[in-house]
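Quick note: numbers below take in every heavy atom, side chains included, and nothing from hydrogens, waters or symmetry partners. The chains referred to below are lettered A, B, ... by the order of the sequence lines, with proteins before strands, and numbering in each begins at 1.
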Amino acid sequence: MTTVTSPPRAREQPRRAGARGWVDEARARPLAVSVAVLGLLMLAAAVNLYRKGLGLTFNYDEWNWVMNRRGWSTATLLNPHNEHLSLIPVLIFKLLFATVGIDTYWPYRVVVIVAHLTCVALIFVLARRRVGDVFALALAALILFVGSAWEDLLWPFQVGYLGSVAFGLGMFVALDRRDRTGDILACVLLALSIASASVGLPFAGAALVEVVLRRREPWNSSGRWRDAWIVGIPIGLYLIWFAIYGNPNATPGNVHGFALVRENGPAVPSYAADMASNAFAGLFGLAIDWGRPLVVGALAIGIWWSLRRGQTTRLFALIAALALFWGLTALFRAQLGDAGSSRYIYPGAVLIVLLAAELFRGVRATVRAAVVAALVVLFAAVANYGPLKAGSAHLQDWSSYVRPELGALQIAGPTAPPTLAPDPLRAPDITAAKYFPAERQLGSPADTPAEMRVRGEPQREAADGVLIAGLQAGLRPTRAEASSRGAAPPLESSGGAATTPSGGCVSLRATAPGAFAVITVPRAGLIVANTGAGNAEVRIRSFGDNFPAAPLGSVAPGQAALLAIPPRAGIVWHAQVTVPGTARVCARR
Amino acid sequence: MALAAIVIYRKGLGTTFFFDEWEFVMDRQPWRWDILLTPYNGHLSLVPVLVFKALFATVGLGPYWVYRVVLIGFHLLCVGLVFAYARRRVGNAPAVCAAALVLFLGTAWHDLLVPFQIGFLGSVAGGVAMLIALDRRTLGGDVVAALGLAVSLSSSSIGIAFALAAFVEVLWLPGRWPRVWLAAVPFALYCAWYIDYRNSPQSIRAAVGPLEPALRANLPQLGSYMTSAAATAFGALVGLGSNWGEVLLVAAAAIVLVRLAGRGPLSPRLVALLVAILAYWGLLAAFRAQIVAPGESRYVYGGVVLILLVVLELAAGRRLGVEGLVLVACLVAFSAVGNYAVLRSGSLSLQDSATHIRAELGALEVAGRSVDPNYVPDQARTQGVRAGPYLAVVRAHGSPADSPAEIALQADPVRVEADGVLEHALGVTVRPAASASTAAPPVQLVSVGGGTVGRRGGCLVLRPGGPGAFVELVLPPGGALVSPQGRSPVAYSLRHFAAAYALPLGTVTRTSSIRVGRARTALTWYLRLQASQSVEACAAGGGRA
C-alpha cells in the first residue's frame, strides 16, 4: 500500500520563495538581467552561426573581390559592385587579405557574425528606450535568430548589408541624443552606412524625414531645414562618388538606367508588397504565404494604434526607411523576380522590429506579456532554424564543389589555359589567369589532393573535369606503331570484351554491346589503335570513381590516337576504352 | 479622370476589333428587333448592340479609336457615379479616393481596352445609377432607378445582381409593396426577353450547353470559384495579385460578419449590396466556371465596384481625419501604380493580337472578291470571320484592316501570316505539266543558297552543293514550271509581303506548273525551291504545257 502525502509546507516554501525571488530580482534589475540573457542568447546564436558556416569557402561575389580588388588604387576601393558603393566591405576584405589571406575562411565568417551581433545589440539599445527591457530583449532576439536571412548571416560578403544596417542603427542611436555631438555622430555613421551598401540610402531617407520633422518651424523657414546637413553631407559625398565611379549599367540584367526604372516602375507595388511579406514571414521563420496575412494584420494594428496614440517623428522616419528599402529594391531588382530572396529579409526585418518598438513606445511588459513574448521568440527561433540549416547546406554544397575544383586547378598549375574557368556557375569571376596570382599573393582556399579524395563523387568528378581541362589532356592522332615490346599497360577491369595482353599492348575484342576495358594510364601515355569497325571512345578519370558521360575523344576505325597527360605528382589516371569491335591499347614508350 | 482617360487611350493605340466584337461586326448589321435582342453568350446585349450599330452607321469600321473613346466614356461614367454614390456617405475627399480606385483599375484591362465591354460597364453604370436614385426615395427617384436597372439588365447579365439588390432593398424597407414595381417591371421585361429568346443560337443554353449538367458540374466548384474571383477583385483593388486578395478577402469577410452579428441596426443597402455581390460571383461561378478562370480580367470591374459600394456602406457617416485621408491617398497611389503594370501587359497582348488581325484582313482585302466566301483567315483571333461577309461589311462600312503599305511595315512574323492568308485566299495551283521550253521568257533570280545556279535559256537550274540548297526567284506572272531533275521531291514556298518564308506549301516530284490566283492588283510573288538534286525553273508562259 502506498501512501500519498502532500509535500511538507516547509519544503515547498523555499522553492516558491526562490522562484518569486528570481522574478523580484529580475524586476529590481531588469537591465542587468536583460543584458545577461541577451548576452547568453548572442553567444548561443554566434556558436550556432559559426557551426553552420563550417566547411564554407569564398562564394560567388566574394571571388570578384579576391580576383579584382587586391590592389590599393582608389578605383579598387571605390568601384561599384552591382552598383553598390562597397567601400567598407572592400576595406574589411582587404584588411583580411593582408592579415589572414584566403587560406582560412573562418575570420571572414567571424566578421559577419560580429556585424550581426552588433546590429542585435543596437536594436536592443534602441528598443529598450521605447518599450523597456523585456520587449527590447524579445525584439532583439527575433533578429538574433532570423535564420531566414541566412545569406546575410553565413555569407561574409553580406557584411556590406549588415554594415549598412549596423551603421544605420548607430545613426538612430546618435539621433536619439538630440545634441550637437549626436548629430555629428549620426552624420558620420550615415556616411559609413551608405559606404557599406546602397541599403544605407533608406537610412538616409529616414534621417532626412527625422531631422526635418523634429523641428516645428514653418516648412518654408530655414529653421526647419537647419539640420539637413546631417543627411546632406553623406548624400553629397555619395553623389560625388556616383558622378565619378557610379555606373548605371552595373545593375543585373539587360536593361539599365532610366529604361530599367520605366520597366520596373509599375511592378514596384507588387514586388515591394512581396518583399514586405517575405520580411514579416522571415521574422517568424515562415513561408512567404504566411507573410501576407501578417503584413495585413500588422498594417491594421499599426494604423489603429497610431491613430489612437498619435505618431512620432521616428515612426515616420522608419516608415520612410522601409518604403525606400522595398521601393528602391523593387525599382532596381524587380527584373530578377527575387522578392523572396533571403538577403532582403534582414534590413526589412530590422526596420519592422524598430517600427514595432516605436509604435508601442511607452508600453511595458507584464509578466504574462513577457511569457508570451518569450514563447513567440522561441517559436520564431525554432522555425528560423530550418531555413538557416537549408541555407547552410546550400552554401556548403557550393563550397564542396569550388574547393576541389580549385584544388584541381592548382594541380594543373599555371600552365592551365588562362581563360579556364573552373566553376562558371558558383565562382564566375575565377579564371586561371587571375587565380594563380591571387593564390601566390594571398594563399589558397583550395582542397589538397588528400582532401579532394574524401569529397563526394559528384565533387570529385567536377574536379576531374577541371584537371582534364587544366592539363589539356586529350587524344591526338598518332602514326606511332602500337608497340609489342615491354610491359602491357595495367588492365584494371573490363566488361563485354575479351582482353588479351600481347607484348606491350592489351588487345580488346567486343563480345557484347558497350564493351570496355579500364586501363591505368602509364606516365608516358597510352596509344589506342582502333583495329575494328565503329569508333572507339576514350574516357579518363583520376579523383572520381566514375568516368564522365562525355568521352574525352574517339578513335576512328583504322586510326590510332595518343592519350598523353602531363604527369603530376601523386595523380594516377585511369582510361576507359569503349570498343564496338577490336582495338589495341599499348603503353607509349 | 483626364489623366486616366489619356493613359487608357494611349494603351489602346494600335488595337482593333477583338474576338467577340467581330460577332457584332459580322452578324448585327441589319436593323431588326431580333438583331437587337438576340442574346450574346447568354447576355441581353441591347445597349452595346445599339451603341455599336450607331457607330457602324456613323463612323464605320475604319476609326476604331471612336469605339475606344465610347468605352472610356462608359468607364468615366462609372467612376463619376461611384463618386456621386460615395460622397453622400463619406464626404468629398474619401469619395474621390474611392472613385480613383475604380478609375485606375488596370487589372480590369479587358473592360478598359476592349469596347465590347461597354456591356459590362453599362450594367455597372446602370446599377450604380439605380442605387443613387434609390437613395432619393421619391417617385422621380424610383422612376430613374427603374430606368437605371433597365439599362443595367439590357447591357449584360451583370444587371441581374443589381436587380436582386433592388428587390432586397425595396422589400426590406417599410412601405415596400408600392415601390416594388421599380425592380419588378425591368426584371419582368428581362424575364420576358429571356423566355422569348431562350432557344436562340446565342442564348445561355447555347453558350454553356444544357443548363442542368452545366450547373451540376459547376455547383461543387461554386465556393472555390467565388472565393477566387473575389480574391482577384480584392487584390486588384490594392493593385496586387489574388494571393494578396485572399488575405484581404478573409479580413473583409471578418469585418462584414462582425458587422452583421453586431447589435447595431442593419442598413437595407448593406444587405442589398451583399446579396448583389454574392449573386455576381455566384452567377459567374454557376454559368462560367467550366469555361473561364475566376481571375479573368473582365470580371474584376464589377466585383471591385460592388466591393467598394459595400465598403462605402460600412463607412457611411464616418469621417476620416487628415491622417486617415493621407493613408487612403497612399493606398490609391499604390493601387494605381500596381494596376498600371497589369494594364500595360494587357495592352501589349491586345496590340499583338490586333497587329496580326489587321495584317491578315489586309491580305484578305488585297485578294479581293476572288476569295472563297467561306474562307476564315484567323480562326483564333477573329471569332471565325468569313471572307465573303467580311468583304461585304467592308464595302458597307469601311475597313479596319492594314493597307498593303502598312502590312509591309509590320514585323516579319506578321507579314508571314499575311502571306499565308493571301496564298489561301488567292489559291496556289500546282498542276503536272510538260517540259518547259528554253525559249521561255527569262526567270528573274533573287537568291541562291547551298548550291549554284546556272541558266539554260530563260530558265534557272539549281545544282545543290549540299543539304538545304535553295533557289529563290520572282514568280513569273503566268506562274513557274518546276522540273525536278531526279526522283527526290522539290519543296516550294511562296512569299509576297514577308522577307522570310513560312514552312513549304508542298512538294513536286515531276514537272509541274506553280501559279497563284489573281488579286485585285498585280502582286510580285517570290518562289523558293528547296531541293537535294538539280531542279529547273522556267516561266510557265513560254512553255509547252
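- Under the 3.5 Å distance criterion, with hydrogens and angles disregarded, a donor-acceptor pair is assigned to the side chains of A:Tyr271 and A:Asp338.
- Checked by atom type, the side-chain pair A:Arg314/A:Thr312 shows no donor-acceptor distance below 3.5 Å.
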Subject >> Worked verdict on A:Trp225 versus A:Val211 for side-chain contact (heavy atoms from CB on, under 4.5 Å) >> reply: CA-CA 8 Å; A:Trp225 301 90; A:Val211 298; over 6 Å; no
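- Under the 4.5 Å side-chain criterion, counting only non-hydrogen atoms from C-beta, A:Asp176 is in contact with A:Arg130.
- In this structure, the side chains of A:Phe332 and A:Asn264 stay at 4.5 Å or more apart for every pair of heavy atoms.
- Stacking of B:Arg89 on the aromatic ring of B:Tyr85 is recorded, both the 6.0 Å distance cut-off and the 45° axial limit being met.
- Taking a 6.0 Å sphere around CZ of B:Arg87, one finds it holds 12 or fewer heavy atoms contributed by other residues, nucleotides or ligands.
- Within residues 328-346 of chain B, the residues having any heavy atom less than 4.5 Å from a heavy atom of chain A are, in residue-number order, B:Phe334, B:Val337, B:Gly338, B:Tyr340, B:Ala341, B:Arg344.
- Panel note: side chain B:Tyr280, backbone B:Tyr299; a donor-acceptor pair is recorded below 3.5 Å.
- Both cation-pi conditions hold for A:Arg308 and A:Trp305: the charged atom is under 6.0 angstrom from the six-membered ring centre and inside a 45 degree cone around its axis.
- Looking at A:Asp289, neither its backbone nor its side chain comes within 4.5 Å of chain B, counting heavy atoms on both sides.
- Residues of residues 91-99 of chain B lying under 4.5 angstrom from chain A, judged on non-hydrogen atoms, do not exist.
- Comparing A:Gly297, A:Ala273, A:Ser277 by heavy-atom pairs within less than 4.5 Å of chain B, the highest count is held by A:Ala273.
- None of B:Thr15, B:Thr16, B:Leu113 except one satisfies the side-chain contact (heavy atoms from CB on, under 4.5 Å) rule with B:Gln351; the exception is B:Thr15.
- Among the candidates A:Ser306, A:Pro293, A:Ala300, the residue making the largest number of heavy-atom pairs closer than 4.5 Å to chain B is A:Pro293.
- For B:Arg318, the CZ atom sits in a loose shell: 12 or fewer heavy atoms of surrounding residues, nucleotides or ligands are nearer than 6.0 Å.
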